[in-house]
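Below, read A as the first sequence line, B as the second, and so on, with proteins coming before strands; counting in each chain starts at 1. Bear in mind the structure is a predicted one, so any value in this text is a computation, not a measurement.
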Amino acid sequence: DTAVSQTPKYLVTQMGNDKSIKCEQNLGHDTMYWYKQDSKKFLKIMFSYNNKELIINETVPNRFSPKSPDKAHLNLHINSLELGDSAVYFCASSQIWSRGTDTQYFGPGTRLTVL
Amino acid sequence: AQTVTQSQPEMSVQEAETVTLSCTYDTSENNYYLFWYKQPPSRQMILVIRQEAYKQQNATENRFSVNFQKAAKSFSLKISDSQLGDTAMYFCAFMSVQTGANNLFFGTGTRLTVIP
């Protein structure tokens, strides 16, 4: 059983389009995250979500918006795509939102290519 | 802001040998977590090992162990009896506890190649 899944795994689109990446976790975790991995393999946090509440937005453009219909899902919507948005996007989840933090488990990633 | 530095962009090791990947970090906090993640060509991010800063004992997971030096802010990963399947990018990551945000801050990674 896949713990954290993302769809699609590959996404190729034109500049200016709007796209979404879906993420689902079946671990019963209550916190989910989105990370961006650029062409140099550098991973950086974009968002954290706990109980449907956005916790952190690390200076990400407002063209990016996370949406969580329920605790098991955190989707990433991107409007007006730009060439610089090309990257691999990872979803992750963890067990508890507390100071006794738990390990984050990652999805397989979505490679987004903007032409 | 927390920074994580991996000074070895690429490394190689002969199969069955031992290799150590280095990681240093910068923080003013006393409580935090450190992780090593592995990313093989499949792109999946896989947890290798984690260390709680309040624990003095170095974490071990089978062939993987860490050398955690809190005062020096160093967190190296040792892979013993290297196997071909260990070929991957390895990322060191820091997680703050005190800020209340469980975000991971990653280093730039080390590409490890295990040579048959």
Side-chain angles (χ1 to χ4, degrees), chain A residues 2-6 8-11 23 25 27 29-51 53-60 66 87-112, chain B residues 1-6 8-11 21 23 25 27 29-55 59 61 64 66 88-112:
Chain A
T2 303
V4 183
S5 60
Q6 295 178 227
K9 289 191 176 180
Y10 299 92
L11 181 56
C23 177
Q25 54 94 3
L27 298 168
H29 291 169
D30 62 2
T31 306
M32 297 182 72
Y33 312 81
W34 277 104
Y35 289 85
K36 178 181 179 180
Q37 186 175 41
D38 63 23
S39 59
K40 296 183 178 179
K41 300 289 188 181
F42 185 62
L43 275 151
K44 189 173 181 181
I45 182 73
M46 299 177 71
F47 302 104
S48 303
Y49 243 80
N50 175 41
N51 290 331
E53 180 182 0
L54 178 65
I55 303 300
I56 296 289
N57 181 337
E58 292 286 334
T59 64
V60 173
V88 179
Y89 292 85
F90 285 95
C91 177
S93 70
S94 65
Q95 174 65 19
I96 51 175
W97 182 264
S98 74
R99 296 194 172 197
T101 191
D102 207 340
T103 299
Q104 292 183 23
Y105 294 90
F106 283 77
T110 296
R111 181 179 294 280
L112 171 65
Chain B
Q2 275 57 266
T3 58
V4 179
T5 302
Q6 294 178 247
Q8 305 151 313
E10 295 188 19
M11 293 191 72
L21 309 182
C23 173
Y25 56 94
T27 184
E29 300 176 9
N30 192 47
N31 292 325
Y32 48 87
Y33 290 77
L34 295 164
F35 301 83
W36 278 97
Y37 279 88
K38 166 185 176 181
Q39 187 178 39
S42 67
R43 202 174 67 205
Q44 180 75 49
M45 290 289 288
I46 303 166
L47 176 70
V48 175
I49 200 166
R50 75 177 236 166
Q51 174 82 41
E52 292 87 348
Y54 61 86
K55 290 186 177 178
E61 286 289 341
F64 299 88
V66 298
M89 283 287 290
Y90 286 82
F91 292 95
C92 178
F94 172 99
M95 181 186 289
S96 169
V97 174
Q98 296 174 358
T99 62
N102 295 7
N103 300 333
L104 285 168
F105 294 90
F106 286 91
T108 50
T110 297
R111 184 179 300 279
L112 176 68

With sequence neighbours left out, write down each residue that passes side chain to side chain donor-acceptor pair (under 3.5 Å) with A/Q37, or none if nothing qualifies.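 Checked A/Q37 against side chain to side chain donor-acceptor pair (under 3.5 Å); matches are B/Q39.
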Decide side chain to side chain contact (heavy atoms under 4.5 Å, CB included) for B/F106 and A/K41; before the verdict, give the C-alpha distance in whole Å, the side-chain angles of both, and the deciding distance to 0.1 Å. CA-CA 10 Å; B/F106 286 91; A/K41 300 289 188 181; over 6 Å; no
Looking at [atom1] of [X] and [atom2] of [Y], how far apart are the two atoms once the value is rounded to the nearest 0.5 Å?
{"X": "B/Y37", "Y": "A/Q104", "atom1": "OH", "atom2": "CD", "answer": "5.5 Å"}
{"X": "A/Y33", "Y": "B/L104", "atom1": "OH", "atom2": "CG", "answer": "7.5 Å"}
{"X": "B/F91", "Y": "A/F42", "atom1": "CZ", "atom2": "CZ", "answer": "9.5 Å"}

Taking all non-hydrogen atoms of both residues, which atom of A/Y10 and which atom of B/R43 are closest, and how far apart?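 Taking every non-hydrogen atom into account, CE2-NH1, 3.6 Å.
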Side chain, backbone, both or neither: which part of B/M45 has a non-hydrogen atom closer than 4.5 Å to chain A?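 B/M45 touches chain A through backbone and side-chain heavy atoms alike.
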Spell out, as yes or no, whether a donor-acceptor pair under 3.5 Å connects the side chain of B/Q44 to the backbone of A/G109.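 Answer holds: no.
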